[in-house]
Structure formats: C-alpha cells, structure tokens
Amino acid sequence: MNIKISPGNSKLGNIPSVSLPAGVTCRADCECKERCYAKRLERIRKSVREAYMHNYQVLKCAPNTYWREVEASIMMSRFFRFHVSGDIPDKNYLTHMIEIAERNRHCEILCFTKKFGIVNEVVAEILSNKRMLPPNLHLILSGWKDLKMENPFLLPEAHVKFRDGTTTAREDALECGGNCTECALTEGGCWTLGTGGQVVFNEH
C-alpha cells in the first residue's frame with residue numbers, strides 16, 4: 001500500500017516529491033495536455049506510469065494512508081515538492097496540504113498548480129478567518145497561453161517560454177536556473193517568489 005515518493009531527479013536534485021497521473025487530476029481546458037512532458041514520461045517509462053497511478057489509487061481508496069505517508073516524508077525533509085506530474089484534485093486535497101505545512105514548518109513545500117479556482121476559494125476562506133497561508137507552503141499558479149490567469153490574491157506565478165520564443169510572462173520574470181536544489185539552498189528562484197512574483201521556464 002505504500003505510496004511512491006520520488007527521491008528526486010535531474011531537475012529537482014535531491015528534493016523528494018509525490019506525483020499523480022498526468023491528465024487524470026489536471027484541468028481539461030488547457031492545451032498543455034497536448035504537449036505535456038509528464039505524459040511523455042509516463043508513455044516511455046512503465047514504472048513511472050505505474051507509480052503515479054498507484055499513488056492515485058491509494059489516495060482514492062485509502063486517503064488516510066496517502067496523507068500519513070506524505071507527511072512522514074515531509075517530516076524527514078528540508079524541502080518537498082507536490083506533483084512533478086498531476087495537479088491538486090480537489091479542495092479537500094489542498095486543505096490537507098495546508099494542514100501538513102502548518103505542522104511541519106521546518107520543511108519548505110513547493111507546488112505548481114493550474115487549479116486556480118480551488119486555490120482562490122481556499123485562500124479566500126483562510127483570509128476571511130484572519131489567517132494566512134503557512135509561509136513554508138509555496139503555491140505557484142502555473143500559466144499557459146490562452147489560459148486566463150485568475151490570481152486575485154497575487155500569488156506567485158510560473159510561466160513558460162515556448163519554443164517559438166513567445167511567453168505569457170512579464171519582462172521582469174525570473175528565469176529558471178534549471179535545478180531546484182540549488183535555488184532552494186541559496187534561497188532563490190521559486191522558493192522565495194514574493195507577492196506577484198513570476199518565474200519563467202523554457203518549454204520542455
């Protein structure tokens with residue numbers, strides 16, 4: 001039943017992460033699904049595809065186990081990433097992420113998401129109760145061309161520089177340095193984007 005926690009990869013470095021199947025938990029109204037690197041990886045590597053689907057099945061059938069094991073990894077980590085593949089499935093999932101971040105302030109937790117509606121609803125509820133998102137949870141809204149960026153609370157944003165040179169990012173957006181560990185250890189990049197900050201990634 002154990003979920004599959006990745007110990008890292010060439011981009012993340014040694015930062016552990018948990019992922020869900022590409023597409024299954026993602027927005028259906030974004031053309032990124034036609035150019036998704038996570039889907040390509042799942043097609044190429046059966047073990048990756050099976051690991052992501054296993055995590056999804058545990059989440060659906062034994063959610064307490066899923067969250068217990070995610071938190072166990074976070075408790076032992078300085079940095080953690082949600083969803084190299086996949087996205088926040090629903091409001092309840094994001095609520096769990098926030099609660100875990102609040103209990104584990106020692107760990108910096110990063111999550112890119114296109115689920116703007118879910119994030120905005122939860123953030124609005126938190127603010128209405130005179131609370132704030134835990135500062136160690138870095139929710140970064142992920143843009144794509146022709147996808148309306150709904151960001152009333154000015155959360156950090158990630159944008160893509162496409163192969164044709166176009167981008168939805170502002171001119172002052174930070175360029176991704178290519179390695180999450182290096183940025184995390186130097187307290188830079190995505191890990192320290194402030195209100196309204198942007199980072200831009202080359203399409204991959």
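Just so it is clear, the model here is predicted, and its values are computed rather than measured.
Contacts of Glu102 classified as salt bridge (charged side-chain N to carboxylate O under 4.0 Å, His left out), with partners at least two apart in sequence or in another chain: Arg131. Take Glu125 and apply the side-chain hydrogen bond (donor to acceptor under 3.5 Å, both in side chains) test, not counting sequence neighbours, and it matches Lys91. Under the rule for a ring-ring contact (aromatic ring centres under 6.0 Å, His included), the partners of His96 that lie at least two apart in sequence or sit in another chain are Trp67. Evaluation of the ring-ring contact (aromatic ring centres under 6.0 Å, His included) rule for Phe112 yields Phe201 as partners, not counting sequence neighbours. Not counting sequence neighbours, the partners of Arg103 by the side chain to side chain contact (heavy atoms under 4.5 Å, CB included) test are Glu71, Glu99, Ile100. Here Arg105 pairs with nothing under the salt bridge (charged side-chain N to carboxylate O under 4.0 Å, His left out) rule; sequence neighbours left out. Here Ser73 pairs with nothing under the side-chain hydrogen bond (donor to acceptor under 3.5 Å, both in side chains) rule; sequence neighbours left out. Not counting sequence neighbours, Met76 has no partner by the side chain to side chain contact (heavy atoms under 4.5 Å, CB included) test. Applying the salt bridge (charged side-chain N to carboxylate O under 4.0 Å, His left out) rule to Arg170 yields the partners Asp172; only residues at least two apart in sequence or on another chain are considered. By the side chain to side chain contact (heavy atoms under 4.5 Å, CB included) test, Leu154 pairs with Thr195, sequence neighbours left out. Residues that satisfy the side chain to side chain contact (heavy atoms under 4.5 Å, CB included) test with Asp90, not counting sequence neighbours, are Asn92, Tyr93. Looking at residues two or more places apart in sequence or on another chain, you find no salt bridge (charged side-chain N to carboxylate O under 4.0 Å, His left out) involving Glu150.
Defined by atom type and a distance below 3.5 Å, a donor-acceptor pair is present between the side-chain atoms of Asp87 and Thr113. Remark: the His83 side chain and the Ser19 side chain contain no N/O donor-acceptor pair separated by less than 3.5 Å. Ser142 and Lys114 are linked by a side-chain donor-acceptor pair at a separation below 3.5 angstrom, with hydrogens and angles left out of the test.
When atom types are taken as modelled, the side chain of Lys115 and the backbone of Thr25 share a donor-acceptor pair closer than 3.5 angstrom. With His106 contributing its side chain and Ile74 its backbone, the two residues share a donor-acceptor pair below 3.5 Å. Proximity of a side-chain donor or acceptor of His54 to a complementary backbone N or O of Asn2 within less than 3.5 Å is detected. Looking at Asn136, its side chain does come within 3.5 Å of a backbone N or O of Asn104 through a donor-acceptor pair.
Between Phe79 atom CZ and Ile15 atom CD1 the span is 6.5 Å, to the nearest 0.5 Å.
Across all non-hydrogen atoms, the minimal contact from Ile118 to Ile88 is CD1-O, 4.0 Å.
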